[in-house]
4 protein chains.
Amino acid sequence: MPKLGMEPIRRAALVKATIAEIGAAGSLDVSVSQIAKRAGMSTALAHHYFGGKNQIFEAAMRHILRDYSTEVRDALATATDPADRARAIVRTNFAQSCFDTATVSAWMAFYVQAQTNPQALRLLRTYQRRLRSNLTHALRSLCDDPHGVADILAALIDGLYIRAALTAPDENPERTALNVLTTLTKGAA
Amino acid sequence: MPKLGMEPIRRAALVKATIAEIGAAGSLDVSVSQIAKRAGMSTALAHHYFGGKNQIFEAAMRHILRDYSTEVRDALATATDPADRARAIVRTNFAQSCFDTATVSAWMAFYVQAQTNPQALRLLRTYQRRLRSNLTHALRSLCDDPHGVADILAALIDGLYIRAALTAPDENPERTALNVLTTLTKGAA
Amino acid sequence: MPKLGMEPIRRAALVKATIAEIGAAGSLDVSVSQIAKRAGMSTALAHHYFGGKNQIFEAAMRHILRDYSTEVRDALATATDPADRARAIVRTNFAQSCFDTATVSAWMAFYVQAQTNPQALRLLRTYQRRLRSNLTHALRSLCDDPHGVADILAALIDGLYIRAALTAPDENPERTALNVLTTLTKGAA
Amino acid sequence: MPKLGMEPIRRAALVKATIAEIGAAGSLDVSVSQIAKRAGMSTALAHHYFGGKNQIFEAAMRHILRDYSTEVRDALATATDPADRARAIVRTNFAQSCFDTATVSAWMAFYVQAQTNPQALRLLRTYQRRLRSNLTHALRSLCDDPHGVADILAALIDGLYIRAALTAPDENPERTALNVLTTLTKGAA
DNA sequence: AATGAATGAGTTTTCATTCAT
DNA sequence: GATGAATGAAAACTCATTCAT
């Protein structure tokens, strides 16, 4: 009895398995074989549904970004005023989920991939554009140069994140970022 | 044709070739075979002089960090007052040499490696400690909380660097960083 | 051309090829590549089915021991009284099949491997335990110290085998062993 | 100042190192590089003095056999009557020195090599001929068939040695062999 | 007498991918 | 829809051997 409509289920399973394996390996050095095994299917099927290893990875990356976007949107939805919106964006970027081994690995892999894989570069740009746009919007009424301050905060968030994720897990990057937010908005936030 | 004392020459050639290959590949997915060929020798000799692939990579990473450290030291040597020292540090981090394809790739590879390779993590920490220490020292007389400001600036530098290197080559990260430096030191810088 | 259920076929082919190669080489200095070629498949497939070189060897060793055990069992089945059983055991150990080049090589390789490979040591011990137990059982009613005589006969069999296999192919080790058997059982056998 | 007459010193050092390495490895899987390092010289020199790996091994084998022969000769020299001579030969074959890891490994390696290396086969035959001849001589006045009994004892010694060396280090092979000697000489020994 | 330099050929092992069923 | 079978290509690494010095 051939099952119908398996495609989305299989694809989701593979994406999930890919992220898990990346997390376990700490890098993209993960074989299709490992992914397929974790997803409970043959490598041939993985290829059938995605066409190749790169496409599996791309789907996983997209998935991670989509998750991230959803979290940001949810956080923004509960915020009541501009200052709150700005703080919510900052907080989302340092939520526990962002420090999952798999997420960290995927993020670092993004940076590597972006140098050679146009698809990955596009995704990374999408993320950065969205972050900047969200921040600019929130800062509009809080300071004179929302664009400029958004650029600063966005870079600061990335820099603090890398340090916290890789080399300084004990620090409190969220507080630091919020402090800078306050400073750059002259307390308006 | 000198036949003795080849070891340092070969090692240097391999390190140089490694960095070049990393730059060309945009990642650490580079084989000893490629490196050895570019360095003009057999893979056997590469293994003979370094013992293994990892050690070749480590030597290359150390080389990059040493170059970076030298540039910082030189820049600091020409600075005349604290504010100048702080600005010099910032500028060095956005010098042209930092945006060589090979350097960018190595830097991103660092982030990936740091998650699983203790040696790489140690090197990354060394870099970050040094940057923070240099900044703190320069900021001592320029603001109330030199440690805190140094942390912010260090993270900001990393974040701006990644963006400039990967996704926004046209912007002027140096100016942005210098502006923040001025703001956080209340113009004292 | 059957395409399913190849695993047992391939494994058997590899074991057979391994024994043949060991025989041809006269030692365990045999590459997976040689084995796979003789078995008519790629090295990748050999690894796929066995996991690694050591496991291929282990399977081959087990196969040889299993063959030997079968021969002993068959010989014992046709014996009618204790004395006959004892003589059957001795004869089996000097049967033509024991002097196949491949078998001899595998046996000598066993001795070498036993020094460092616990798996090989275990197999060797299994063989020796079985031989001793079979002999003891057969000798029970034939002499006062079946255990002691079994130990002597077992060692004698091994010693005579090595000499016949390696350095004295013309002698008649079987007769010598049977003579000792007669002497030590005071003619009861 | 080129040293003269180094050849015998170097050769002896290499032979000693070879035996030590074989003992450490438990097999002949020992590289010239390891041997040369242990002997304190370059691989090139090892080749210079011996011509190749096989010749180094052969020299090591010859050395082991020479040592063994010396021990037998010394033991025979102190014996006073035929029975004592026979017992001395047996004892020498189970002396502590015969159970050194290196000696055991070399001995097992002999068996393997004898199958393909004529040189090794010749050495092995020399050992066996000598053992048989020594035993026959000692047994001449102790039993009716000294040749036959010598063959039995020689094989028994080898068989007991292998078992003691590889799989049953706790047993007392010497006593067993001496018992058989007594039996086969009807107590004359 | 001695060695550092160098390599070609070979080792085991892994993997993305294809295909017949 | 799903998979076992199969492989070519490549990876890292090792080693006996040669040669110029």
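The shown structure was predicted, so the numbers you read here are calculated from the model rather than taken from an experiment. To find a chain, count down the sequence lines: A is the first, B the second, and so on, and within it residues start at 1.
Nucleotide dT21(E) holds its P atom 18 Å from the NE2 atom of His48(A), rounded to whole Å. Atom CZ in Arg11(C) sits about 16 Å away from atom P in dG4(F), given to the nearest Å. Separating the NZ atom of Lys37(D) from the P atom of dA2(E) is a distance of 19 Å, rounded to the nearest angstrom. Look at CG on Leu14(A): it is 13 Å from P on dA16(E), rounded to the nearest Å.
Separation of atoms CD (Glu58(B)) and NZ (Lys53(B)) is listed at 12.5 Å; rounding is to 0.5 Å. Between the CD atom in Gln34(C) and the CG atom in Asp29(C) there is a gap of 9.5 Å [rounded to 0.5 Å].
With a cut-off of 3.5 Å on both Watson-Crick or G-U wobble distances, the partner of dA1(E) is given as none. In this entry dA9(F) has dT14(E) as its Watson-Crick or G-U wobble partner, both defining distances falling under 3.5 Å.
Nearest-nucleotide mapping onto DNA chain E: of Gly40(B) and Asp29(A), the residue sitting toward the 5' end is Gly40(B). When each of Pro8(C) and Ser33(B) is assigned the nucleotide of DNA chain F bearing its nearest heavy atom, the one mapping closer to the 5' terminus is Pro8(C). Toward the 5' end of DNA chain F, the nearer of the two residues Ser42(C) and Val32(B), judged by each one's closest nucleotide, is Ser42(C). Both Met41(B) and Asn54(C) lie close to DNA chain E; mapped to their nearest nucleotides by heavy-atom distance, the more 5′-ward contact belongs to Met41(B).
Counted within 6.0 Å of CZ on Arg62(C), heavy atoms from surrounding residues, nucleotides or ligands total more than 12; the atom is thus considered enclosed.
In the set dA16(E), dT3(E), dT14(F), the nucleotide with an atom closest to the side chain of His47(B) is dT14(F). With dA6(E), dT11(E), dG4(F) as the candidates, the nucleotide lying closest to the side chain of Ser31(C) is dT11(E). Comparing dA5(E), dC13(F), dC19(E) by their nearest atom to the side chain of Ala44(A) picks out dC19(E). Closest approach to the Thr43(B) side chain among dT18(F), dC13(F), dA2(E) is made by dC13(F) (side chain taken as heavy atoms from C-beta onward). With dA6(F), dA2(E), dA6(E) as the choices, the nucleotide that has an atom nearest any side-chain atom of Met6(D) turns out to be dA2(E). When distances are taken from the side chain of Leu45(B) to each of dA6(E), dG1(F), dT13(E), the shortest belongs to dA6(E).
Here Arg10(A) reaches the OP1 or OP2 of dA2(F): one of its side-chain N or O atoms lies under 4.0 Å away. Taking 4.0 angstrom as the limit, Tyr49(B) places none of its side-chain polar atoms (N or O) nearer than this to OP1 or OP2 of dG4(E).
Between Leu28(B) and Met61(B) the shortest side-chain heavy-atom distance falls below 4.5 Å.
At a threshold of 4.0 angstrom between heavy atoms, the contacts of Phe50(D) with the nucleic acid are absent.
Aromatic ring pairs are classed by plane angle as parallel below 30°, tilted from 30° to 60° and perpendicular above 60°; the pair Trp107(D) and Tyr127(D) is perpendicular.
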